[in-house]
Protein chains: 2
Amino acid sequence: MDKNNTDIYVQLLKDRGLRVTPQRLQILKYLNIHKNHPDVTTIFTALRKENPALSKTTIYNTLEALAEHGLVQVLTITPTENRFDAGDRMHHHFLCKHCNKIYDIEIECPHLNRMLEGEFKVDEVHGYFKGSCPSCLKENAKNDHIQNKNIKGLKKDTSKC
Amino acid sequence: MDKNNTDIYVQLLKDRGLRVTPQRLQILKYLNIHKNHPDVTTIFTALRKENPALSKTTIYNTLEALAEHGLVQVLTITPTENRFDAGDRMHHHFLCKHCNKIYDIEIECPHLNRMLEGEFKVDEVHGYFKGSCPSCLKENAKNDHIQNKNIKGLKKDTSKC
DNA sequence: TACCTAAGTTGAAATGATTACAAATCGGGT
DNA sequence: ACCCGATTTGTAATCATTTCAACTTAGGTA
């Protein structure tokens with residue numbers, strides 16, 4: 001699919017009875033091109049450049065609408081902010097607790113059906129792995145001779161890999 | 001294990017080189033008795049009754065320390081607040097998006113080892129299912145003839161089952 | 001094509017969870 | 001009984017998200 005073709009996103013919205021607005025198209029297109037699981041502020045900052053009147057509330061409203069209609073997934077993998085993923089393809093995620101980056105993980109869950117058939121109505125399935133990504137492991141090894149950095153869990157780490 | 005015996009929690013802390021304080025014992029015991037995945041405010045409100053001088057910051061500090069040493073797990077299943085689970089026994093969770101209750105789910109992941117052996121250093125594994133719990137499904141069916149309640153995703157729902 | 005109305009957008013203000021910080025207190029080794 | 005570094009406390013930030021009311025617009029209709 002041509003991710004730059006606006007017609008596709010128009011159709012996605014129409015198919016679900018959602019009104020087509022420039023903002024929704026903008027956000028939908030952004031998420032389909034940038035598959036790095038951005039948070040609201042990242043999306044906002046990026047899109048504001050093309051559309052200075054864009055409001056952060058619109059990002060929240062739009063993401064909620066898109067999520068309700070299965071066009072985006074809300075990842076609650078981080079302790080602090082929600083992250084977003086275009087589409088509804090089922091896959092898992094790895095969160096690096098150092099650089100806060102999220103990686104897609106392709107693993108199937110054969111026992112999942114047991115859950116889907118039970119007394120619960122399952123709308124979403126999330127597999128989250130958390131730890132250190134290869135890039136940060138390498139970076140960490142490099143710095144080991146300088147100081148043995150502590151690897152913490154709860155707090156947001158703003159350092160980048 | 002006798003969940004009311006303080007000695008056990010003293011030992012758990014000492015084993016990990018953590019200082020033993022009344023607050024830590026209080027919180028650790030609370031989590032081991034109340035397996036309903038409380039959030040910080042719930043823990044705080046409950047424990048403040050026994051100890052009126054308790055500070056919410058202490059709950060945050062303690063939970064962070066306990067999580068770092070594998071005595072509690074941080075669940076990022078909700079879009080809004082972190083929820084906590086005593087122990088490090090690996091199991092999954094179901095979040096009811098109506099009543100905000102979390103259920104323990106016992107499912108093993110046979111393909112998990114592939115992830116654990118890879119280039120990523122995996123410290124945590126979380127399986128989150130989200131949807132409607134049996135209790136809310138029943139409640140919802142009961143109210144159907146009155147009004148067809150919308151089932152939303154993103155926002156916090158304060159209604160109780 | 002012009003119009004109407006419900007739905008969508010905007011920005012400012014409120015809320016709520018979490019963190020930062022500095023002063024007071026305490027655990028546990030000497 | 002002392003001491004020191006770790007812990008606790010309360011207050012004040014900070015930051016993500018929601019609320020709300022006024023304004024604008026998409027898209028159906030005359």
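Naming: A, B, ... by sequence-line order, numbering from 1 per chain. Computed from a predicted structure; not experimentally measured. The figures here come from the full heavy-atom set of this structure, side chains too, leaving out hydrogens, waters and symmetry mates.
With sequence neighbours left out, the side-chain hydrogen bond (donor to acceptor under 3.5 Å, both in side chains) criterion links Thr6(A) to Lys29(A). Judged as a ring-ring contact (aromatic ring centres under 6.0 Å, His included), and not counting sequence neighbours, the contacts of Tyr30(A) are His34(A). Residues passing the side-chain hydrogen bond (donor to acceptor under 3.5 Å, both in side chains) test with Asp104(A), sequence neighbours excluded: His37(A), His91(A), His93(A). Scanning for ring-ring contact (aromatic ring centres under 6.0 Å, His included) contacts around His126(B) gives Tyr128(B), with sequence neighbours left out. Legend: residues meeting ring-ring contact (aromatic ring centres under 6.0 Å, His included) with Phe94(B), ordered by chain and number and at least two apart, are Phe120(A).
Comparing the start and finish of the helix from dT1(C)-dA30(D) to dT30(C)-dA1(D), five pairs each, the helix axis swings through 30°, to the nearest 10 degrees.
At the heavy-atom level, Arg48(A) lies under 4.0 Å from the strands shown only through sugar-phosphate atoms.
Atom CD in Glu64(A) sits roughly 11 Å away from atom C1' in dT17(D) (whole-Å rounding). Rounded to an integer number of Å, the gap from CZ of Arg83(B) to P of dA17(C) is 11 Å. Asp39(A) has its CG atom 9 Å from the C1' atom of dA16(D), to the nearest Å. The CG-P distance, from Leu13(A) to dA26(D), rounds to 13 Å in whole Å. Rounded to whole angstrom, the span from the CG atom of Leu63(B) across to the C1' atom of dT7(D) amounts to 14 Å. Per the geometry, CD belonging to Glu81(B) stands 18 Å off P belonging to dT15(C), to the nearest Å. Separating the NE2 atom of His69(B) from the P atom of dA6(D) is a distance of 13 Å, rounded to the nearest angstrom.
When only modelled atom types and interatomic distance are considered, Thr58(A) and Asn61(A) share no side-chain donor-acceptor pair under 3.5 Å. Counted by atom type alone, Lys130(B) and Thr76(A) present one or more donor-acceptor pairs between their side chains at under 3.5 Å.
Hydrophobic cluster membership of Ile33(B), counting Ile, Leu, Val, Met, Phe, Trp and Tyr whose side-chain heavy atoms lie under 4.5 Å apart directly or via other members: none, as it forms a cluster of its own.
Take the nearest nucleotide of DNA chain C for Lys56(B) and for Val20(B): the residue whose nucleotide is more 5' is Lys56(B).
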For nucleotides 6-10 of chain C, tabulate all protein N/O to nucleotide N/O atom pairs closer than 3.5 Å, reporting atom names and distance.
| from | atom 1 | to | atom 2 | distance (Å) |
| --- | --- | --- | --- | --- |
| dG8(C) | OP1 | Arg24(A) | NH1 | 3.1 |
| dG8(C) | OP1 | Arg24(A) | NH2 | 3.0 |
| dT9(C) | OP1 | Thr21(A) | OG1 | 2.5 |
| dT9(C) | OP1 | Gln23(A) | OE1 | 3.3 |
| dT9(C) | O3' | Gln23(A) | NE2 | 2.9 |
| dT10(C) | OP1 | Gln23(A) | NE2 | 3.2 |
| dT10(C) | OP1 | Ala53(A) | O | 3.4 |
| dT10(C) | OP2 | Ser55(A) | N | 3.3 |
| dT10(C) | OP2 | Thr58(A) | OG1 | 2.4 |
| dT10(C) | O5' | Ala53(A) | O | 3.3 |

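Between Asn82(A) and dT17(D) there is a side-chain polar atom (N or O) within less than 4.0 angstrom of OP1 or OP2. Residue Tyr60(A) places at least one side-chain N or O under 4.0 Å from the OP1 or OP2 atom of dT17(D).
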Cut-off 3.5 Å, no hydrogens considered: what does the side-chain donor-acceptor table look like for residues 13-22 of chain A, sequence neighbours left out?
| from | atom 1 | to | atom 2 | distance (Å) |
| --- | --- | --- | --- | --- |
| Asp15(A) | OD1 | Gln11(A) | NE2 | 2.8 |
| Arg16(A) | NE | Leu12(A) | O | 3.0 |
| Arg16(A) | NH1 | His69(A) | O | 3.4 |
| Thr21(A) | OG1 | Arg24(A) | N | 3.1 |

